[in-house]
Each structure stands twice: as C-alpha cells, then as structure tokens.
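The shown structure was predicted, so the numbers you read here are calculated from the model rather than taken from an experiment.
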Amino acid sequence: MDVKTNSMTIKGLLGSKYQFDIPRFQRDYSWENNHYQEFIEDMLDCLIIDNGEISDAQYFLGTMLFIGNLDKAGQQLSVVDGQQRLTTITIVFSALSDHFKENGNDKLSERIFDYIMAEDDDGNKVKILKSDTSYPYFQYFIQDRDKKEKRNTNSEEEECIKQAFDYLYAKTSEAEIKKYLKKRYDKKQVENLSYEDLLKALRNQILSSTVVTICTSDKKDANKIFEILNAKGKRLASVDLIKNKIFDVLNKTEPADTADEKWNAIKSHLYSRKNTVGLSTYFRHYWRSKYSNSSEVQLYDNFIKKVKPDVVTYNALLDDLVKNAKYYSQIINPTREDYENKKQYYWLVQSLRILANDFNIVQVRTLLMSLFEARAKGILKGKDFKSLILYLEGFHFSYNALLARRANVLDNIYSKHARAIRNCNSSEEIKGELAELRAELDEKYPVYQDFKDAFIKLSFSKKDHPDNLKVRYVINKLNCYYSENGQEVFLDDGSIEHILPESSGVESLNIGNLILLERTLNENADSKDYSVKKEEDYSKSAYKWIKDFVNEHVEWKKEEIKNRAEKMADVFYNDILRK
C-alpha cells in the first residue's frame with residue numbers, strides 16, 4: 001500500500017488550500033443531537049480559565065482518511081473517513097461567523113470564514129468542503145457568510161444540517177457559553193470575560209485540535225484501511241448481516257465462489273461509474289422497492305421474516321440484486337451508451353441526469369428501479385414510460401427545486417407504487433397503477449400561484465448564485481418548447497444570455513431578462529446595448545425563440561422584465577409542466 005500518515009491541526013488541515021470532496025457514495029451527513037452536543041461540549045470542556053484569562057488545550061479528534069496527496073497544496077482530496085467531523089466543524093464555524101458579525105466584529109467574522117471558503121491562486125473563491133448531496137442548502141446557507149439561501153430544506157440530510165446549525169448557533173450564544181462554563185469555573189471570572197474573547201477561545205480550541213491524517217492514492221487501499229479502522233467493536237450494518245446469512249446457506253451447497261461472484265457483480269455495478277453508491281443505500285432502496293418500507297434498524301429482521309432461507313430463494317435474490325444494481329447505476333449515472341447512443345433515448349438520459357444530479361432527488365430511485373424492470377419485462381409501453389419520467393422531472397422541479405418542499409414526504413408514495421408495479425403482469429395493470437400514482441402526486445403538485453410567486457423571483461448570474469442550476473433548466477426547457485421541431489434535448493451550444501447586460505443592475509439578473517443564445521454569439525454580444533446586439537448578434541442566431549423575441553421587441557427596457565417573467569411562468573406551468 002502507498003500510504004502516508006501525518007499529525008495535523010484543524011487549522012493546518014483547513015487552512016492549507018486543500019479542497020475536501022465528499023463523494024456521492026459516502027453516507028449523508030447524519031449526526032444527531034447527541035453527536036454534535038458531545039462535540040461542542042468537548043470543545044468547551046477544553047477551555048481553561050485562569051486569572052481572568054481564557055486559553056485552549058490539546059484535543060485529539062481521531063483519524064481522517066483521504067484519497068489524494070496532502071503534500072501538494074491546492075489539491076482535491078476525497079474524504080473516506082472524517083466527513084461527519086469536517087461537516088460539523090464547518091457548521092460550527094458558520095455559526096461563530098454569524099455571532100462575530102452580530103457582535104460588531106465583521107473582520108473576525110470574515111477571518112473565520114477563511115476556513116470555510118478559500119481563494120485559489122487565481123483569486124477565485126473555493127469551498128474547502130465540497131458536498132453534492134446536501135446542495136444547495138449547505139452551499140448557500142452554511143458556506144455563505146451572507147446566508148443567501150432561504151432556510152428551507154428538501155432532504156433528510158439538509159434537515160440534519162439545519163438542525164445541527166440551529167443547535168450549535170444557540171449553544172454558542174453568549175448566555176449559553178457562560179452558563180456552561182459556570183459549571184466548572186468561578187461565576188465572576190466567567191462573567192468578566194467578553195463574548196468576543198469567548199468566541200475567539202472556542203474558535204482557537206477547534207483550530208488547535210489535532211487529527212491523524214491517512215492518505216493514499218488508491219481507492220481500493222482506502223477501502224481496506226477504512227474497514228480496518230472501523231472493524232473493531234463496530235456493529236455490523238444490516239446489509240452485512242444479510243450477506244452473512246445468504247453466504248452461510250449458499251456456501252454449504254453451492255461452489256465456493258458462486259455467491260462471491262454475484263455479490264461482486266452487484267458491487268461492480270454500483271462502483272463502476274463516476275457517482276458510486278454504497279451497498280447499504282442501494283439495498284435499502286431495493287428492499288423498499290420490492291418488499292416493504294424498512295429503516296436501517298428494521299432491515300435485517302424484516303429480511304429474516306420475508307425471505308425464505310433456502311438455496312433457490314437466495315440464488316434468485318442475488319440474481320435480482322445484480323439486475324437491479326445495473327438499473328440503479330443507470331438511474332444515478334445515466335449515459336447515452338446505456339442505450340447504444342440511440343437518439344430516441346437522449347431525452348431519457350437528460351431527464352435522469354436532471355433528477356439525479358441537478359435536483360438530487362434520492363427518493364424517486366425506488367420507483368425508477370421498478371419502472372426499469374417493467375420496461376425490461378415488456379409490460380411497460382415506451383409511451384407510458386416516457387410520459388411518467390417527464391412528469392416526474394417536472395414535478396420535482398416545481399416541488400423541490402423551485403419551492404424547496406421536502407422530498408422525504410414522498411418516500412412512502414414511491415415505495416408503495418414501486419412494489420405495486422413489480423406485481424403487475426400486464427400493460428393494462430401498469431397503466432392503471434401509473435394513473436393512481438400520478439393522481440396521488442397531483443394532490444401534492446404546487447398550485448399555480450405558489451409556483452408563479454417563486455418563479456418570477458429566479459435570478460441568474462455568471463458568478464456563483466443559488467438559482468443558477470434552476471434557471472439553466474428553465475431556460476433550456478423554454479428554448480425546447482419554442483423550437484420549430486419540438487425538440488426535447490437541450491442544445492449543447494446554448495448559454496444563458498442577459499438581454500440587458502448583467503452589469504446594468506440587479507433587475508437584469510431576473511429570469512424575465514434571460515434567453516438562450518449560441519455560446520459564440522453570447523460572447524460577442526457581451527455588454528452591448530440591446531439595439532446593437534439585436535442587429536449584430538441576435539440576427540445571426542438559429543434559435544426560433546431568439547427570432548421571435550427580436551420580432552416582438554424593437555427595444556427592451558427594465559420595465560418590461562417583470563411582465564415577461566410572469567408570462568414565462570404561465571407558459572412553463574400550464575404548457576410545459578401541466579399540459
């Protein structure tokens with residue numbers, strides 16, 4: 001193994017321009033109240049008050065395991081072990097930054113954010129901790145000093161992050177810190193300390209805490225090290241217990257490597273593409289899709305109750321797990337190669353990418369697996385399959401991406417219908433089941449007024465902005481709608497154009513001032529006046545939407561932006577989503 005170990009402080013780790021990437025296969029942020037309570041109280045317990053002075057003490061935060069090279073500053077490192085601690089430290093620093101700012105010290109507020117956001121050699125802002133699964137709440141609330149994003153959450157992970165922030169923000173208030181310290185030190189000494197000094201001491205305590213870092217460049221080595229680090233005294237996960245049970249039965253009668261080959265085939269599907277996923281996550285979704293709703297704690301017991309422990313049943317289960325792991329991988333890592341690069345499936349790859357990557361909808365995977373299986377069995381017609389996938393894409397844009405409503409309330413709906421679809425034996429049965437599913441989702445579909453109120457506030461900037469992903473989706477979808485041939489796939493050469501230049505004021509960022517334009521023409525248009533780029537750039541566009549806009553607008557003023565945004569909302573809701 002090519003392994004390097006080192007002892008570092010949190011200050012050295014977070015202050016040295018590394019970017020720590022949390023791969024998608026890692027479990028979500030899941031620390032509960034008792035975990036982050038213990039963390040912050042450990043930090044407070046280390047503080048020493050003596051003769052009116054407060055100082056920090058040594059504290060060991062354990063080991064952290066990374067894939068990458070810590071010897072080269074500015075590198076990206078994949079976090080294998082340490083995600084929960086690094087995320088919690090980032091949340092604490094975000095809370096301390098708010099307290100510094102509210103206490104009148106903007107400089108200290110900015111300074112602590114250097115351990116959340118750094119600058120690369122080109123002066124660009126870089127998030128020290130990068131996580132796709134908790135996007136956008138983590139990025140635009142925790143990792144933003146101005147807290148741009150609304151306090152809405154749309155996943156269990158984001159809700160955990162919000163609860164952690166709320167608790168840690170409250171726990172680091174002046175009253176709470178002093179209340180805690182008075183349990184150990186003279187009340188008068190504690191009262192005489194300024195709040196700023198208390199915050200600085202807590203900050204320093206976290207920064208001076210040490211970790212042992214373990215780095216390797218090989219992913220397989222990292223997984224082996226992780227297993228070694230976590231094996232001692234660790235309760236086996238449900239999927240491990242289930243695997244042991246299956247292997248115990250099969251290895252008595254089957255060739256020694258039969259079960260292993262099938263189990264490795266499952267892992268191969270899950271780990272072979274860019275966005276990998278853990279066995280536990282996959283198995284839990286598979287189980288919900290086929291058997292019953294079960295938590296991680298209930299999973300093994302439910303497996304014992306529902307799956308007959310014999311060779312035929314276990315072999316069939318492993319075969320089904322292999323097949324569904326392939327579907328699962330295609331759902332979270334869709335490629336055109338999955339469909340032999342046939343153009344009639346480009347829409348599907350696009351929709352799956354939007355659901356998995358842009359909107360990060362996890363709950364729908366249980367349903368999608370059952371749809372893929374029904375399609376493979378030939379009982380789900382292509383027309384019905386396509387209609388539902390596009391419906392789900394539009395539903396989740398409106399429900400989650402735009403209005404930030406919580407996706408986990410859909411868990412039971414999707415798993416219930418997934419199991420019902422797997423039990424269908426004909427196209428007619430499936431057609432009826434899909435109608436029931438859509439009717440149930442329609443009851444939760446946002447009403448037009450709520451949709452419109454959120455839609456007309458959307459903004460887009462060439463700089464980082466929480467609305468950018470949503471706006472790209474909307475503008476590309478509208479461009480498809482207005483195209484002459486009713487195209488479904490987003491154009492590769494299109495980019496977002498601010499009709500009035502972005503530099504002309506905050507109104508120019510609004511969705512009512514946006515349109516799609518070929519990238520080269522957009523670059524040429526740059527910051528020209530509308531009258532100039534209309535003649536020099538828009539006139540060269542092949543996009544029908546641009547041509548229609550130019551024909552309709554001889555000139556373009558700020559006063560027209562709001563009205564256009566409202567018209568776009570109406571078209572998007574009534575003619576694209578709810579047609």
Side-chain angles (χ1 to χ4, degrees), residues 122-125 135-136 139-140 144 146 148-150 354 358-359 397 401-402 451-483 487 489-573 575-576:
D122 297 323
N124 300 312
K125 288 287 186 182
Y135 175 91
Q139 180 176 347
Y140 291 110
D144 192 312
D146 297 324
K148 289 199 265 309
E149 184 72 354
K150 295 176 182 177
I354 288 167
D358 293 356
F359 301 163
F397 166 73
L402 184 62
F451 176 91
K452 178 183 174 183
D453 289 345
F455 185 98
I456 63 176
K457 294 175 184 175
L458 287 173
S459 296
F460 181 86
S461 173
K462 291 175 183 176
K463 299 176 182 177
D464 198 20
H465 192 282
D467 285 350
N468 281 358
L469 262 179
K470 292 172 269 190
V471 171
R472 282 196 185 95
Y473 173 75
V474 168
I475 296 299
N476 276 286
K477 204 76 176 172
L478 282 168
N479 189 65
C480 288
Y481 172 78
Y482 285 114
S483 65
Q487 70 190 49
V489 180
F490 299 166
L491 297 170
D492 293 332
D493 65 344
S495 65
I496 307 293
E497 156 73 351
H498 292 83
I499 303 167
L500 289 180
E502 185 172 354
S503 58
S504 61
V506 68
E507 299 95 334
S508 67
L509 304 181
N510 183 266
I511 196 162
N513 186 55
L514 306 176
I515 202 164
L516 199 73
L517 183 64
E518 290 92 335
R519 189 170 287 104
T520 53
L521 295 178
N522 199 343
E523 291 171 357
N524 290 330
D526 196 24
S527 298
K528 298 174 186 174
D529 289 337
Y530 173 69
S531 59
V532 177
K533 58 185 175 183
K534 181 180 70 169
E535 300 299 328
E536 295 182 357
D537 306 296
Y538 291 2
S539 61
K540 299 175 185 176
S541 175
Y543 297 173
K544 182 176 179 294
W545 192 17
I546 284 280
K547 293 175 181 178
D548 291 345
F549 182 86
V550 168
N551 290 335
E552 187 178 345
H553 299 280
V554 177
E555 55 182 4
W556 182 246
K557 298 178 180 178
K558 287 183 180 180
E559 293 75 24
E560 299 176 84
I561 292 174
K562 183 181 178 183
N563 185 47
R564 181 169 179 261
E566 291 177 346
K567 289 180 179 177
M568 291 164 75
D570 182 67
V571 169
F572 203 93
Y573 187 87
D575 298 334
I576 295 177

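Listed for the S541 side chain is no donor-acceptor partner under 3.5 Å among the backbone atoms of Y538. Looking at N479, its side chain never comes within 3.5 Å of a backbone N or O of I475 through a donor-acceptor pair. Checked by atom type and distance alone, the side chain of D570 never pairs as donor or acceptor with a backbone atom of E566 at under 3.5 Å. Formation of a donor-acceptor pair under 3.5 Å by the Y543 side chain with backbone atoms of S483 is not found in this model. A donor-acceptor pair under 3.5 Å is formed between the side chain of D467 and the backbone N or O of S459. Formation of a donor-acceptor pair under 3.5 Å by the N513 side chain with backbone atoms of K558 is not found in this model. A donor-acceptor pair is defined here as one N or O able to donate and one able to accept, closer than 3.5 Å; no such pair exists between the side chain of H498 and the backbone of S527. For the pair K562 (side chain) and N510 (backbone), a donor-acceptor distance under 3.5 Å is absent. Of the possible polar contacts, none joining the R472 side chain to the F460 backbone as a donor-acceptor pair under 3.5 Å is found.
With 3.5 Å as the limit, one finds no donor-acceptor pair spanning the side chains of S531 and E555.
Checked against the 6.0 Å centroid criterion, the rings of F572 and F397 qualify as a close aromatic pair. Annotation: F359 is in aromatic contact with Y473 [ring centroid separation under 6.0 Å].
Side-chain contact between L516 and Y482: absent, with no pair of heavy atoms (C-beta onward) separated by less than 4.5 Å. The shortest distance between side-chain heavy atoms of S539 and V550 does not fall below 4.5 Å. Counting heavy atoms from C-beta on, the side chains of Q139 and D144 never come closer than 4.5 Å.
Once rounded to the nearest 0.5 Å, the distance linking CD of E497 with CD of E518 reads 11.0 Å. Atoms CD and CG, on E507 and L500 in that order, are 9.0 Å from each other to the nearest 0.5 Å.
Summarising the local packing, NZ of K544 is surrounded by more than 12 heavy atoms from other residues, nucleotides or ligands at distances under 6.0 Å.
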